[in-house]
Each structure stands twice: as C-alpha cells, then as structure tokens.
Amino acid sequence: MTQSDIENTTESLRAHAVCDRDDARLVVFGKLHDAELRACNLKGAGLLDVREKAPYGLFVAESPRAIECALRAGIQAFSVLVDEDVAVSQEHAVLQAAHRLIDACPEAALFLVGTEDFCRITEYPVSRGVMAVFIRPKPKGAEELLASLEGKGEAAKRVCVIEDVTNYANMAAIFKSASAFGVDAVLITPSCHDPWYRRCVRVSQGAVFEVPWAYVGTQEESGHWSSQGIPLLHEAGYTVVALALKEDALPLDDARLKTSERLAFILGTEGEGLSTRTIAACDHVAIIPMANEVDSLNVAAASAVAFWELC
C-alpha cells in the first residue's frame with residue numbers, strides 16, 4: 001500500500017467507526033472464556049440482542065490471515081477492533097483486513113482505537129493490531145457435510161476423523177496439515193477441542209476455516225460415536241482406516257490404501273490412541289513404519305505424514 005492508500009483506507013475506517021468507547025459491544029474483546037462467547041453469556045447481551053444475531057454463538061479471530069480465511073469461508077463478523085497506531089505505522093495487512101471486513105460485513109461494529117485503548121479493552125498488554133469477533137454459522141451435521149462433497153467432481157475424496165483430541169495445538173496442526181495436503185473434510189468427535197476456539201484459530205493461522213468440518217456423533221447420543229459414525233462413512237462409500245499400533249497393521253503406503261477412491265482415516269488422542277471399539281469397526285488398521293525403535297509420532301506429526309502419503 002502507498003502512503004496515499006493508507007491515508008484513504010484509514011479515513012474510510014474512521015468514517016465507519018463507532019466513537020463511543022463505552023459501547024457495550026466492546027465486552028466481546030475482553031478476557032472472556034471461549035465457552036462464554038459460544039454461549040453468548042455476555043454482560044449486556046440481552047440489551048444488544050446478541051443471542052438473536054448469533055444463535056450459535058461467537059468466536060474470535062485475531063490476525064489478518066485468520067480474518068481473511070474466515071471471510072473467504074463466508075462467515076459474518078459481529079464486531080471489529082483495530083489498533084490504528086499499529087495499522088498506520090507498520091502493519092498494512094491490518095488495514096487491509098479491516099477494510100475487507102467492513103466491505104464484506106457492513107453491519108459489523110468497527111472500533112478504531114490507539115494502542116493504549118486497544119490493550120485496555122482486550123485486557124492484554126500487547127496489541128495484535130486487529131481482532132474480529134465472528135458469528136458462528138449454523139453447524140453442519142456429518143451426514144450433510146459428506147453429502148456436500150458429492151458435488152466436487154470425480155477427484156479422490158479424503159476425509160479425516162479426529163477422535164477425542166483435546167489439545168488445541170494438536171487440533172490446530174491437524175487442520176493446518178489437512179488444508180496443506182488437500183483433505184476434503186474433517187469430522188471430529190464431541191469431546192475434541194473446538195476448532196474455532198481462539199488459540200486453535202491463532203495457532204492454525206486460519207486453517208480451521210479452510211477445511212469444512214462437522215461433529216460426528218453428539219454428547220446426547222447413547223453409545224460410542226463409532227456406532228453411528230463409521231456406518232455413516234461406509235454408507236457414503238468410504239474405506240475407513242484406523243491409524244493405530246497393531247501388529248497386523250498395513251504400512252501406510254500399502255496399495256490398498258493408496259488406490260482407494262474414498263478413504264477416511266481416523267486419528268486418536270495422545271497416549272491412549274484410538275478406542276478399541278473404533279479400531280474394531282474399521283476396514284483396515286495402518287501404521288507409519290519407523291526406525292530406531294520409535295513406536296509412534298505425535299498425533300499432529302502423524303496426521304501430516306498420513307495426509308502427504310494418502311491425499
């Protein structure tokens with residue numbers, strides 16, 4: 001951006017900005033728990049009809065790249081906080097992200113403040129330049145998500161299922177690898193870390209918006225997720241593969257896996273790995289061959305190897 005572009009963009013944002021520093025909508029940028037944002041459990045939420053605007057909750061994205069990814073996914077912004085000092089002095093990407101946000105979501109409240117106010121509002125000592133709170137869209141069910149892949153042509157389809165992974169860094173890394181290697185969709189079990197929680201969004205650099213995902217099974221359903229989830233994958237024509245440490249496991253580069261038109265591979269949590277019920281219900285068990293008596297990789301590293309080999 002030229003200096004003239006910066007000045008014009010800044011003036012455009014100022015014209016759109018909310019001037020009231022006591023506006024109740026600023027509460028969403030403070031140190032609220034992700035669960036509070038998801039439930040719209042906010043002070044003043046009733047006055048603002050937040051639950052009507054965001055019936056499925058809110059989430060935070062706090063970098064220009066993550067914001068761009070969310071916008072490309074068609075997600076609507078609720079409010080935007082921009083540090084004008086950072087944007088004008090060094091972060092042109094901040095201005096560009098804020099400008100695109102307002103173009104795409106003109107009804108979103110924009111707050112343009114200096115660094116001191118930015119840190120006071122966010123209750124964090126360091127300014128990240130821009131922060132946006134987005135409205136969660138209506139979640140897709142696993143069946144709906146799998147059906148949506150049918151319209152993507154004849155290319156081989158690859159689906160990843162994540163079972164009970166609760167570490168946000170691992171979730172973020174799995175999604176980033178899924179985006180990088182062309183996984184078509186991700187299904188996650190109900191106890192997994194929410195991909196749209198703040199730290200997961202930040203660590204994945206927005207990759208959690210680039211790969212469509214859905215929950216498979218719900219907390220309310222009786223029984224294990226695999227009793228409904230794996231038959232659902234079979235009905236959609238997928239060969240289902242568990243990545244697990246079993247003596248009779250196929251090597252990951254086995255031709256039966258690589259030539260499968262539709263393949264769903266299931267990754268388990270650290271330590272315990274996949275449940276025995278999940279493994280028993282799968283068509284194959286696969287393993288990554290390793291040297292030096294190393295038995296397994298971190299689940300995020302294993303996902304990258306599997307996606308590279310089979311996608």
Side-chain angles (χ1 to χ4, degrees), residues 24-45 48 50-51 53-83 86-87 91 93-94 97-98 100-101 104-105 108-111 113 115 117-137 139 162 165-179 186 188 190-215 300:
R25 286 169 291 188
L26 286 168
V27 70
V28 297
F29 299 108
K31 284 188 176 179
L32 293 170
H33 295 299
D34 287 297
E36 292 176 302
L37 284 170
R38 185 168 184 173
C40 288
N41 184 19
L42 317 171
K43 183 179 180 181
L48 294 166
V50 176
R51 291 182 183 87
K53 295 177 181 177
Y56 304 104
L58 303 167
F59 68 87
V60 172
E62 49 187 334
S63 74
R65 173 169 168 73
I67 288 168
E68 294 277 3
C69 290
L71 288 176
R72 284 199 298 270
I75 305 172
Q76 294 295 303
F78 172 74
S79 54
V80 188
L81 182 66
V82 178
D83 183 339
V86 171
E91 295 289 348
V94 169
R100 290 192 183 108
L101 269 166
C105 312
L110 169 69
F111 299 92
V113 300
T115 299
D117 279 337
F118 192 100
C119 294
R120 176 183 59 80
I121 291 165
T122 61
E123 302 178 44
Y124 196 75
V126 177
S127 170
R128 298 186 183 278
V130 61
M131 182 183 294
V133 174
F134 285 89
I135 298 171
R136 284 178 179 261
I162 308 174
V165 173
T166 56
N167 179 281
Y168 75 89
N170 283 333
M171 286 291 290
I174 293 170
F175 268 88
K176 194 168 184 179
S177 294
S179 176
V186 173
I188 65 176
S191 60
C192 282
H193 189 91
D194 189 323
W196 285 356
Y197 273 10
R198 182 178 303 193
R199 296 174 78 181
C200 201
V201 171
R202 183 169 70 243
V203 173
S204 78
Q205 296 182 311
V208 291
F209 307 123
E210 295 176 323
V211 185
W213 64 274
Y215 285 105

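Just so it is clear, the structure is predicted and the values come from calculations on it, not from any experiment.
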- Can you measure from CG (Asp117) to CZ (Phe111) and round to the nearest 0.5 angstrom? 12.0 Å
- For Ser79, which of Leu110, Val27, Val28, Leu26 qualifies under side chain to side chain contact (heavy atoms under 4.5 Å, CB included)? Val28
- Message: Are there over 12 heavy-atom neighbours, none belonging to Arg38, within less than 6.0 Å of that residue's CZ?
- Response: yes
- Note on the structure: To the nearest 0.5 Å, atom CD of Gln76 lies from atom NZ of Lys53 at 13.0 Å
- Message: For the OG1 atom of Thr122 and the CG atom of Leu32, what is their distance to the nearest 0.5 Å?
- Response: 11.5 Å
- Which atom names give the shortest non-hydrogen contact between Val50 and Cys40, and what distance separates them? CG1-SG, 3.6 Å
- Given side chains that start at C-beta, do those of Phe134 and Trp196 come closer than 4.5 Å, heavy atoms only? no
- Item | Heavy-atom side-chain contact between Leu71 and Cys105 under 4.5 Å | yes
- Do you know which two heavy atoms are closest between Met171 and Cys200, and how far apart they sit? CB-SG, 3.8 Å
- Where do Phe29 and Val133 come nearest, in terms of heavy atoms and distance? CE2-CG2, 3.8 Å
- Task: Identify the residue among Pro139, Cys192, Pro195 that makes a side chain to side chain contact (heavy atoms under 4.5 Å, CB included) with Trp213.
- Result: Pro195
- Query: Are any side-chain N or O atoms of Ser179 and backbone N or O atoms of Phe175, one a donor and one an acceptor, separated by less than 3.5 Å?
  - Reply: no
- Item | Side-chain heavy-atom pair Tyr197, Leu37 within 4.5 angstrom cut-off | no
- Could you pull out all residues at least two apart from Glu36 that satisfy salt bridge (charged side-chain N to carboxylate O under 4.0 Å, His left out)? none
- What one should report as the nearest heavy-atom pair of Ala39 and Arg51 is O-NE, 4.0 Å
- For the residue pair Arg128 and Arg202, establish whether any side-chain heavy-atom pair is separated by less than 4.5 Å. yes
- Below 4.5 Å, heavy atoms only, C-beta onward: do Ser63 and Gln205 meet side chain to side chain? no
- Do the side chains of Leu58 and Ile135 get nearer than 4.5 Å, heavy atoms only? yes
- Task: Can you see which heavy atom on Ile174 is nearest to which on Ile162, and at what distance?
- Result: CG2-CD1, 3.7 Å
- Message: If you define the side chain from C-beta out and look only at heavy atoms, does anything of Cys119 sit under 4.5 Å from Pro125?
- Response: no
- Task: Can you see which heavy atom on Phe209 is nearest to which on Cys69, and at what distance?
- Result: CB-O, 3.7 Å
- Query: So do Ile67 and Leu101 actually touch side chain to side chain, heavy atoms under 4.5 Å?
  - Reply: yes
